[in-house]
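Below: the structure, in structure tokens.
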Amino acid sequence: VCADEIAGQSWIPPHFVSASQFAGQMDILRRFGPVVHLPEVVGQLADGRLDQAAFAITFDDVPACSFVHARPILDRFGIRASFFIATGYVGTGRLFPGDVLRLLRIWPDERARTGLACELARHKRMTIGQLKAALNQAEQAWGDGLPTGVRGTLQPMSWDQVRQLADEGHEIGGHTVDHVVLGWQPTGVREQQIRACLAELETRLARKVLGFAYPNGGPGDFGPTDQATLSDCAVRYAVSTRTASVRDADLLALPRVCIGAAHTAETFALELSGLLDGRRQRQQGWR
Ligand SMILES: [Zn+2]
């Protein structure tokens with residue numbers, strides 16, 4: 001969720017919504033059905049006892065602008081959300097791989113940056129070392145040259161902000177350490193990325209982590225190996241980016257609806273109705 005004044009600019013990720021768009025969406029949600037807190041309903045989901053249409057709000061990564069702009073709106077509506085955190089990014093000021101790639105495509109005014117964009121386009125297949133090296137190279141290429149506001153908007157939250165969200169009753173869940181797409185990594189790396197992320201969150205927040213979001217969360221981006229690790233760590237549920245009804249879904253592969261800047265109030269409501277689920281699954285490559 002970003003400031004209204006910068007919404008629509010070319011460097012804003014398509015999955016961002018403006019603060020006023022977000023407030024309008026929360027208003028629609030409240031009229032459609034109750035907004036629930038995921039860790040509180042996971043037991044009901046497991047037993048099939050959640051028998052009415054209900055909605056939960058989740059955020060991935062999470063950039064500092066969501067702390068600034070989503071938090072007061074959630075507060076105003078009395079909604080507690082779930083924030084899934086890539087622990088290796090918190091407080092570093094480093095930009096997330098998807099954002100670096102988009103910025104390189106917008107400002108490719110040097111041959112090095114164009115080459116780097118091609119390299120980062122296959123970031124799922126990179127080792128963590130290769131990914132970090134490419135991201136560092138991009139940061140060096142920009143130096144202080146990124147337009148004002150870009151870094152402040154896209155940079156990850158600080159640990160103080162994460163802690164504040166937790167203290168205010170929001171859920172903090174895992175999202176790996178380095179935002180690696182698990183399904184493309186060797187087994188040992190997948191397990192380490194999940195375990196280290198959960199351990200750091202639990203140490204820093206002094207509470208058990210119950211939820212997890214798979215980075216990218218699409219077909220092939222996670223699998224039974226990761227679900228077994230999560231079960232072993234007593235994580236109760238995990239979310240993907242498959243668009244479907246939660247009914248009968250595996251608790252360690254819960255579906256979600258992805259909302260972005262292109263959603264009008266009408267298409268947002270349509271998305272929540274489930275009418276677009278089949279189309280979205282085909283677009284995402286689930287079938
Ligand atoms: Zn993510």
Side-chain angles (χ1 to χ4, degrees), residues 1-2 11-17 22 38 56-67 69-70 81-104 120-126 128 131-132 134-135 138 151 153-159 161-162 165 170-185 189-190 192-198 200-201 209 211-223 226-227 229-230 235 237-243 252-261 280 284-286:
V1 179
C2 65
W11 56 271
I12 292 287
H15 56 274
F16 275 26
V17 297
F22 184 65
L38 262 176
I57 317 289
T58 69
F59 296 86
D60 287 6
D61 296 344
V62 173
C65 62
S66 284
F67 178 86
H69 298 285
S82 298
F83 294 83
F84 300 105
I85 309 287
T87 50
Y89 281 86
V90 180
T92 60
R94 285 165 52 211
L95 304 180
F96 294 101
D99 294 333
V100 171
L101 185 56
R102 187 175 329 94
L103 297 179
L104 284 167
L120 269 170
R122 48 173 286 278
H123 68 92
K124 279 187 185 182
R125 293 166 198 274
M126 286 178 162
I128 294 172
L131 179 62
K132 282 185 175 169
L135 294 175
R151 193 176 295 279
T153 299
L154 299 178
Q155 73 181 359
M157 289 193 288
S158 66
W159 279 114
Q161 291 172 323
V162 174
L165 287 173
H170 296 289
E171 179 190 19
I172 305 297
H175 196 47
T176 75
V177 176
D178 294 301
H179 202 278
V180 292
V181 183
L182 295 166
W184 302 77
Q185 297 292 322
V189 172
R190 295 162 81 146
Q192 192 272 339
Q193 283 283 319
I194 293 173
R195 287 187 188 277
C197 165
L198 298 174
E200 174 142 37
L201 288 177
V209 174
F212 186 88
Y214 303 106
N216 220 44
D221 293 338
F222 63 96
D226 312 306
Q227 292 173 308
T229 307
L230 291 168
V235 165
Y237 77 92
V239 291
S240 69
T241 52
R242 188 170 71 99
T243 306
L252 289 176
L254 288 176
R256 285 191 289 182
V257 178
C258 303
I259 301 299
R280 294 287 180 243
Q284 294 163 345
W286 287 99

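Atoms within each ligand, like the ligands themselves, are counted from 1 in listed order. This is a predicted model, so every value here is computed, not measured.
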For this session: Run the numbers on Asp99 and Arg151 for salt bridge (Lys or Arg N to Asp or Glu O under 4.0 Å), then give the verdict.
Result: CA-CA 10 Å; Asp99 294 333; Arg151 193 176 295 279; over 6 Å; no
Exercise. Can you check side chain to side chain contact (heavy atoms under 4.5 Å, CB included) on Asn216 and Thr241, steps first, answer last?
Worked result: CA-CA 7 Å; Asn216 220 44; Thr241 52; over 6 Å; no
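The closest donor-acceptor contact from the side chain of Thr58 to the backbone of Ser82 lies at 3.5 Å or more, if one exists at all.
Side-chain atoms of Thr243 and Gln284 form a donor-acceptor pair, as typed in the model, at a separation below 3.5 Å.
Counting heavy-atom neighbours within 6.0 Å of Arg125 CZ, excluding the residue itself, gives a total of 12 or less.
The side-chain hydrogen bond (donor to acceptor under 3.5 Å, both in side chains) check on Tyr214 picks up nothing, with sequence neighbours excluded.
Ordered by chain and number, Asp61 OD1, His175 NE2, His179 NE2 make up the set of protein N, O or S atoms under 2.8 Å of the Zn ion (ligand 1).
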